[in-house]
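We name chains A, B, ... by the order of the sequence lines, and we start the count at 1 in each one. What you see is a predicted model, and the numbers here were worked out from it, not measured in a lab.
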Amino acid sequence: MEIFLQQVVSGLATGGIYGSLALALVMIYQATDVVNYAQGEMAMFSTYLAWTLINAGLPYWPAFFATLAIAFVGGLVIERVVIRPVENAPILTIVIVCIGLLVILNSLAGWIYSYIQKPFPSPFPETPITIGTVVFGAHDLGAIGVTLVVLVFLYVFFRYTTLGLAMRAAAQNPSSSRLCGIRVGWMLAVGWGLAALVGAVAGMMVAPVVFLDPNMMGGILIYAFASATLGGFTSPGGAVLGGLIVGVVENLVGTYVRFIGTELKLTVALAMILVVLVVKPSGLFGRAAVHRV
Amino acid sequence: MTRARAWQRALVVAALALAFALPFVLSGFRAFQFTQVFIYAIALLGLNILTGYNGQISLGHGAFYAIGAYTTAIMLDKWSVPYALTIPAAGLVCLVVGFLFGIPALRLEGLYLALATFALALAVPQILKYFEHWTGGSQGIVLSRPEAPAGLGLTPDQWLYFMTLGVLVVLFVLGTNLLGGRTGRAIVAIRDNPIAAQAMGVNTALYKSLTFGVSAAYTGVAGALSAVAVAFVAPDTFNVFLSITLLVGIVVGGLASISGAIFGALFIQFVPNWAQDISKAAPWAIYGIFLIVFMYTMPRGIAGSLRLVLDRLARASGGAGGPA
């Protein structure tokens, strides 16, 4: 039972990270109909920037928030410079441009920081926390807390601020929004910026666990895809919930199903994606895509 | 039209003549590099049939390359089958696997198919390591390189070169005929307007999964050839970056173009080698930049741009040229 509880909590911690990244994917998908294959690498690059700042002597939290600001601006610039020219191009073009972005960010990080793994600090104490008879990792609990804070922040932002409302309007009905005086192009760019920010949080939370290296987000991105697919690419809340489900299932399957263990973890994600896409392509909470013929 | 066709034919003949002369002029190592180019070209034609002509985006064709390579390696290693037989066998296995993967893929449109195949590409090395008994785990399988048949007087490098060239020519002729005829028009029609194609009586479901199968078979044959040529297979060589390399190849060479496969193969074989001198990361940075720049400026790749030039030449020399 104790092992079960521990696995569930650490599943929730990684699940929260998958959920954040999935949320970033869904935000971009809703605003621009693009699945951003470079989301993981953008998060990885932001984490390297945080590492640079911390190594330059900045305390953790100032470095954390400075990284968020840089990530936001970076995401905004990427949308303006790289994505905007192909906004209305066929899907194949957009997928290829995103893959190009993925490759560039990955190799740039390798070029600047080398491919050697680096330790990344956790802001939470190392001593585990004991509740009753069960022992939890402090970083796991902290990561869950940070994820929750991000979610609440985003909820409030999209629900109660003018800018958030304008962004939702721009995503839902671009031409009407434009007629109301909303600058749709900029709203999309801000969406990319916010997604990059959320991704940066995910990167900084996961780096202490998996260590910092240019390929660290590969596996996490596929889990984020699985989460977003499970929850539905059109549902932000679903993506987060999907992340938590995927995180917990991953941990429980890894612990209790012998023949899978940790060796086939990515294959589990692949199977989840395929099953959801074939059985219910819109996911648990998404709207089914309807096409006008 | 006829002028442009004549130019094209002359170029193909010249390229073939050059290809026959090359291994006698170049060193063994260079000849081996060109063998690799031919192997990539076959894989790229496979991916191009699916993504370029049929419009189904695959970011995981490295998986079929891996299946082809491992089919050959296992047949050679466990059952000592003659290698000439393992190559069509690898093609057949990939045809079936590709066809089966194509069935669920029918329900997936554009982005979702890209997603599923991307996940496949990421998972392949793990799956290969898992079936350790067959695949030798992360150590891979070491094979021995084939000798040239006695009496030809060729070095092993030259023999591999000519064998690969032979397979390439056969597969390209088959591919040209497949895409140039009724079937090819159906495949392209599905890409351009699936509903209209269906209304015209094209069985889209059957064609799409068959295209997936044929595409996988081409890529699988390429994988099999690479296993024979390199004489070694290991799971980590078939990672997601192999699939991205193939994507780079068709984008740079030219989407929906047969000769594009050759240009793309030359690009992915030689450009990383040159870039490697700058930094270990440079080849990938260059790949990424080429992907984006080509999409902006030359969406039809090298082959498409060459075609424009050829048409202009034909028009300039013959007066009445055909439509571009």
With respect to chain A, which residue among B/Val240, B/Leu59, B/Val251 yields the maximal number of heavy-atom pairs within a distance under 4.5 Å? B/Leu59
Heavy-atom distance under 4.5 Å to chain B: side chain of A/Ser114, backbone, both or neither? neither
Between B/Trp284 and A/Leu102, is the side-chain contact (heavy atoms from CB on, under 4.5 Å) condition met? List the steps. CA-CA 10 Å; B/Trp284 286 100; A/Leu102 179 159; over 6 Å; no
For chain B, which candidate among A/Ile112, A/Val34, A/Val82, A/Asn106 shows the most heavy-atom pairs at distances under 4.5 Å? A/Val82
With chain A, the option among B/Ile244, B/Val293, B/Ile57, B/Leu120 that has the most non-hydrogen atom pairs under 4.5 Å is B/Ile57
Side chain to side chain, B/Tyr112 and A/Val276, heavy atoms closer than 4.5 Å: no
With chain B as the partner, which of A/Leu105, A/Ile273, A/Thr93 has the greatest number of non-hydrogen pairs under 4.5 Å? A/Thr93
Out of A/Val95, A/Val103, A/Ile96, which one pairs with B/Leu247 under the side-chain contact (heavy atoms from CB on, under 4.5 Å) rule? A/Ile96
For B/Phe131, look at atom CZ and say whether over 12 heavy atoms of other residues, nucleotides or ligands are found less than 6.0 Å away. no
Over 12 foreign heavy atoms within 6.0 Å of CD, A/Gln117: yes
Region of B/Phe241 in contact with chain A, defined by heavy-atom distances below 4.5 Å: side chain
Could you tell me which non-hydrogen atom of A/Leu277 sits nearest to which non-hydrogen atom of B/Ala116, and how far apart they are? CD1-CB, 4.2 Å
Specify whether B/Phe118 and A/Tyr37 have parallel, tilted or perpendicular ring planes, treating 30° as the upper limit for parallel and 60° as the lower limit for perpendicular. perpendicular
Atom pair CG (B/Leu115) and CZ (A/Phe233), whose distance is rounded to the nearest 0.5 Å: 5.0 Å
With a 6.0 Å cut-off (strictly less than), is the heavy-atom count around CZ of A/Phe211, excluding the residue itself, greater than 12? no
Heavy-atom pairs under 4.5 Å with chain B: which of A/Ile99, A/Val97, A/Val35 has the most? A/Ile99
Considering only heavy atoms, which portion of B/Ile127 lies under 4.5 Å from any heavy atom of chain A: side chain, backbone, both, or neither? both
Side chain / backbone / both / neither for A/Leu274 at chain B, heavy atoms under 4.5 Å: side chain
Please classify the contact of B/Leu255 with chain A as side chain, backbone, both or neither, using a heavy-atom distance under 4.5 Å. side chain
B/Arg191 atom CZ, over 12 foreign heavy atoms within 6.0 Å: yes
Using non-hydrogen atoms only, which part of B/Tyr296 is less than 4.5 Å away from chain A: side chain, backbone, both, or neither? side chain
Give the intermediate values and the outcome of side-chain contact (heavy atoms from CB on, under 4.5 Å) for residues A/Ile104 and B/Ile289. CA-CA 7 Å; A/Ile104 290 176; B/Ile289 291 166; 3.8 Å; yes
About how many Å separate OG1 of B/Thr51 and CG of A/Leu92, when rounded to the nearest 0.5 Å? 7.0 Å
Please check if the number of heavy atoms outside A/Gln172 that lie under 6.0 Å from its CD is greater than 12. no
